[in-house]
2 protein chains.
Amino acid sequence: MERQKRTTIYDIALKLNLAASSVSRALSNSSKINAETKALVLKTAVEMNYQHNAMASNLRKGSNPTIGVVVPRINQDYFSNVIAGIEEVTYSRGYSLIICQSNEQHAREVDCVNALVNQHVSCVIISIAAETGTYGHLQQVLDRQIGLIQFDRVVDELDTFKVINNNETASLEAVSHLIEQGYRRIALLEGPQQLDIFRQRKAGYLAALRQHNIPVLEELMYENAWTKELGAVATAKLLDLENPPDAIFASTSDFSALGVLEVAANKGIQIPKELGICGYSNEPFTELTSPSITTIDQYSFKMGKTIAELYFEQTEGKAQIKPKTISIKPKLIVRKSTRRK
Amino acid sequence: MERQKRTTIYDIALKLNLAASSVSRALSNSSKINAETKALVLKTAVEMNYQHNAMASNLRKGSNPTIGVVVPRINQDYFSNVIAGIEEVTYSRGYSLIICQSNEQHAREVDCVNALVNQHVSCVIISIAAETGTYGHLQQVLDRQIGLIQFDRVVDELDTFKVINNNETASLEAVSHLIEQGYRRIALLEGPQQLDIFRQRKAGYLAALRQHNIPVLEELMYENAWTKELGAVATAKLLDLENPPDAIFASTSDFSALGVLEVAANKGIQIPKELGICGYSNEPFTELTSPSITTIDQYSFKMGKTIAELYFEQTEGKAQIKPKTISIKPKLIVRKSTRRK
DNA sequence: TTGTAAGCGTTATCAC
DNA sequence: GTGATAACGCTTACAA
C-alpha cells in the first residue's frame with residue numbers, strides 16, 4: 001500500500017505559482033487577499049485534497065483550541081450530562097474536547113492534568129477526585145496561564161473560576177421537607193468529608209435540624225456511604241438500631257439512596273410510611289423505582305453550558321475578569337418516597 | 001500579570017552547556033545518552049519547570065497519540081460506557097481521547113470527523129448518526145491513513161474494522177423467549193431502517209416468527225418508534241387496534257420500552273399478564289421499573305475495551321492486519337415484564 | 001495585494 | 001556520546 005504524502009500549502013503554492021503565505025492567507029480567510037486568488041486557492045485545495053494541519057498551525061500560533069475535561073467517571077449520568085452541556089457550547093465555537101477520567105484516583109488525576117498541560121489546551125475543566133491530596137497539579141495549570149475552571153467538587157483554596165451547586169441550601173431544603181412531612185429521626189448518609197460538597201451537604205442537614213430544634217444524634221450519621229453497596233450496608237446497620245431512623249437522607253448520591261430502598265423493601269418496611277428516603281442528583285432511575293425517590297436535581301446539562309460559556313466570556317472579555325464563583329441553585333424534587341401527608 | 005515564557009529544551013541546553021539534541025535524548029529516554037548527563041538533564045528540567053511540548057513533538061514526529069471518538073450522544077448510558085471502556089485502555093497506553101457528539105445529525109458528524117482528521121488523530125472510532133447519508137467523510141479518514149473503527153451502528157459498505165453486536169441473534173432470542181412465554185401477537189417497534197442495526201433487529205424478529213409459524217402482520221410493525229415519546233405514541237395506537245398485540249418488542253431502545261410501559265400501565269393493562277414488554281440495551285433503569293423490563297445487554301464497557309484493544313493490536317502487529325469484524329453476542333436478560341409462566 | 005523569511009519546539013540524521 | 005543542522009507545516013512580520 002502506497003503511503004500518500006499529505007498535500008501542504010507549499011504544494012498548492014507550487015502548483016499555482018504563488019507564495020505559501022498567500023495560500024495560507026486564502027485558506028485562513030484573511031482580508032489581505034485578492035478575492036480571485038482566494039477562490040482559486042480554495043478550489044485547488046479541494047482538488048488536491050488538501051487538509052489543514054492543526055498540529056502545525058497550533059504550534060505556530062502557540063495556542064490550541066481545545067479544552068480538557070477531567071471527571072471522576074464519564075459513565076455517570078451527572079458527569080456525562082455536564083460534558084454534553086460543555087460540548088454543546090464548545091462545538092459551536094470550533095473547540096475540541098479532550099476527556100479524561102480520574103476514576104476517583106488522585107494519581108490518575110495528576111496524570112490526566114499533566115497530559116492536558118503538555119498538549120497546551122486552552123482550558124482545563126475539572127471536578128476533583130474523591131481520593132485527593134495535594135493540588136500542585138492544578139497550581140501548575142494556573143502557572144502556565146492555562147484557564148482553569150473547577151466545578152461541582154472544587155478546591156476552595158485555589159483561586160479559580162468555580163461553578164458549583166449550592167449544596168448546603170439544597171440539603172437544608174431537603175431535610176426541612178422531611179421534617180415538614182413529620183419525620184423526626186432523620187439519618188444522614190455522608191460522603192467523604194475531604195470533599196467540600198459533602199461537607200456542605202452535611203452542614204445543610206445540621207442546619208435544618210437546628211432550625212427545627214431536632215437533636216443531632218451521632219448514631220444517625222453514617223460516614224462514607226456513597227455507593228449503592230455502602231448505602232445498603234449503612235441502612236442495614238441503621239435499621240438495626242434500638243431506635244432506628246424514620247427517614248434516611250442519602251446526601252451522597254441516588255445510588256446510595258437506591259441501596260437504602262432495596263434493603264428497606266427487603267425488610268418489608270413501608271416507604272414512605274415507615275421510612276422516608278431522599279437521594280441526591282436526580283439520576284434518571286429515581287423516577288422509576290417504586291416508590292419513586294425524592295431527590296435533588298443539579299441541572300447538570302445547564303451546568304456544563306454555564307462552565308463553557310464562562311470560559312469564553314473570560315477569554316474574550318476585553319478586561320481580565322477576576323475569578324468568580326457561579327452557584328447554581330439545585331432543585332428539590334419531591335416524589336413518593338417522602339410524601340406521606 | 002507577567003506572562004512567563006515556557007522553558008524549552010534550548011533553555012536547558014544553554015544552562016547545561018549541552019546541545020538541544022542531547023537534552024532531547026535525555027528527556028525521551030534514548031539509549032544513546034550518558035547516564036550522568038541524563039540524570040543531570042532530568043534534574044535541571046524539573047528545576048526549570050520544563051514541560052514537554054506535545055504539539056511540537058507531534059508535528060515533528062508526524063503522529064499524534066490521540067484517538068477521536070464520535071458518538072450520537074455522550075450522555076446515553078450505552079455510549080458513555082463504551083467510551084469509559086475505550087478510555088480504560090487508551091489511558092494505559094498514554095493516548096488521549098477526543099470526544100465528539102453528532103447529536104444524530106449528519107452534518108455535525110461530518111464536522112466532527114473533519115476536525116479529527118485535521119488534528120491528525122491516530123484513529124477515529126465512530127458509531128454513525130441516525131440521520132446519515134453519504135460516507136465521504138469516513139472514506140476521507142481511510143484515505144489519510146488514519147485508523148477507522150466502526151462500532152454498533154456501522155456502514156457495511158466501508159471496509160473497516162468493525163465491532164458490533166450480533167443484533168439479529170439477540171433479537172431472535174428475545175422474540176423466541178416471548179413466544180415461549182405464550183405471547184402470539186407480538187408487535188415490533190422499529191428504529192430508522194437506514195441503520196443496519198435496526199434492520200438486523202427486525203430480521204431477527206421476522207426470523208423468530210417464521211421459525212414458530214406465526215404470521216407476520218404489517219399492522220403490528222411500527223416504524224420509527226425509538227424514543228420514549230415515540231414509543232408511547234406507537235403503543236397508544238397499537239393498543240387501540242381492533243386486535244391489539246399481547247406483547248411489544250421495543251427493538252430500538254429501553255427508552256422506547258419505557259414509553260410502552262407507561263402508556264400500558266396508565267391504561268390499567270396488566271404487565272406481563274396481558275402485555276409482555278421487551279426493550280433493548282439494558283439501561284440501568286430497566287432493573288428498577290415496575291415491573292422490571294426484560295431487555296438485551298450489549299456489554300457496552302467490554303465493547304469499548306475491545307475496540308481500543310483492536311486498534312493497538314492492529315497498529316502494533318508486525319503484519320498488516322486485514323480489516324475484520326468482531327461480533328459480541330449480546331445477552332438476553334429476562335425480567336418480570338415478560339415472565340408469565 | 002503578494003512575496004520573503006523567520007520561527008513555533010521538537011526530533012532525526014548526520015557527522016565528529 | 002555528543003553536537004550541529006535540517007525539517008515537520010504553518011503563520012506572520014516585514015519588505016516589495
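Throughout, a chain's letter reflects where its sequence line sits, starting with A, and its residues are numbered from 1.
Remark: B:R93 is positioned above the aromatic ring of B:F312, its terminal NZ or CZ atom under 6.0 angstrom from the ring centre and at most 45 degrees off the axis.
In this entry the distance linking NE2 of B:H120 with C1' of D:dC8 reads 10 Å, nearest Å. Between the CG atom of A:L27 and the C1' atom of D:dC10 there is a distance of 11 Å, given to the nearest Å. Computed from coordinates, the A:H52 NE2 to D:dC8 C1' distance equals 14 Å when rounded to whole Å. We find that CD of B:Q119 is positioned 21 Å from P of D:dC8, with the value rounded to whole Å. A straight line from CZ of B:R60 to C1' of D:dC8 spans 6 Å, rounded to a whole angstrom. Residue B:L16 contributes atom CG, which lies 18 Å from atom P of D:dG1 at whole-angstrom precision. In this structure, CG of A:N53 is placed 13 Å from C1' of C:dC8, rounded to the nearest angstrom. Going from atom CD1 of B:I9 over to atom C1' of C:dT11 covers 8 Å, rounded to whole Å.
Taking every side-chain heavy atom of B:A19 into account, D:dA4 is the closest of C:dC8, C:dT2, D:dA4. Taking the side chain of A:K61 as heavy atoms from C-beta on, and the options D:dT12, C:dG3, C:dT11, the nearest nucleotide is D:dT12.
Among the atoms of the strands shown, only primed sugar atoms or phosphate atoms (P, OP1, OP2) are found under 4.0 Å from some heavy atom of A:I33. Within the 4.0 angstrom heavy-atom criterion, only backbone atoms of the sugar-phosphate kind lie near A:N17; the bases stay farther away. Using a 4.0 Å heavy-atom cutoff across all strands shown, A:T37 reaches sugar-phosphate atoms only and no base atom. Counting non-hydrogen atoms under 4.0 angstrom, A:S24 reaches a base of the nucleic acid. Counting non-hydrogen atoms under 4.0 angstrom, B:T8 reaches the backbone sugars and phosphates but no base.
Taking the side chain as every heavy atom from C-beta outward, A:Y50 and A:I12 approach each other to under 4.5 Å.
For B:S21 against D:dA4, a side-chain N or O and a base N or O form a donor-acceptor pair under 3.5 Å.
Distance alone, capped at 3.5 Å, is enough to place a donor-acceptor pair between the A:E104 side chain and the A:A130 backbone.
Summary of the strand contacts: A:A20 and B:S57 both lie near DNA chain C, and taking for each the nucleotide with the nearest heavy atom, the more 5' one is attributed to A:A20. Comparing A:Y10 and A:R25 by the nucleotide of DNA chain D whose heavy atom lies nearest to each, the residue mapping closer to the 5' end is A:Y10.
Between B:Y311 and B:F161, the ring center distance fails the sub-6.0 Å criterion. Not less than 6.0 angstrom separates the ring centroid of A:H120 from the ring centroid of B:H52.
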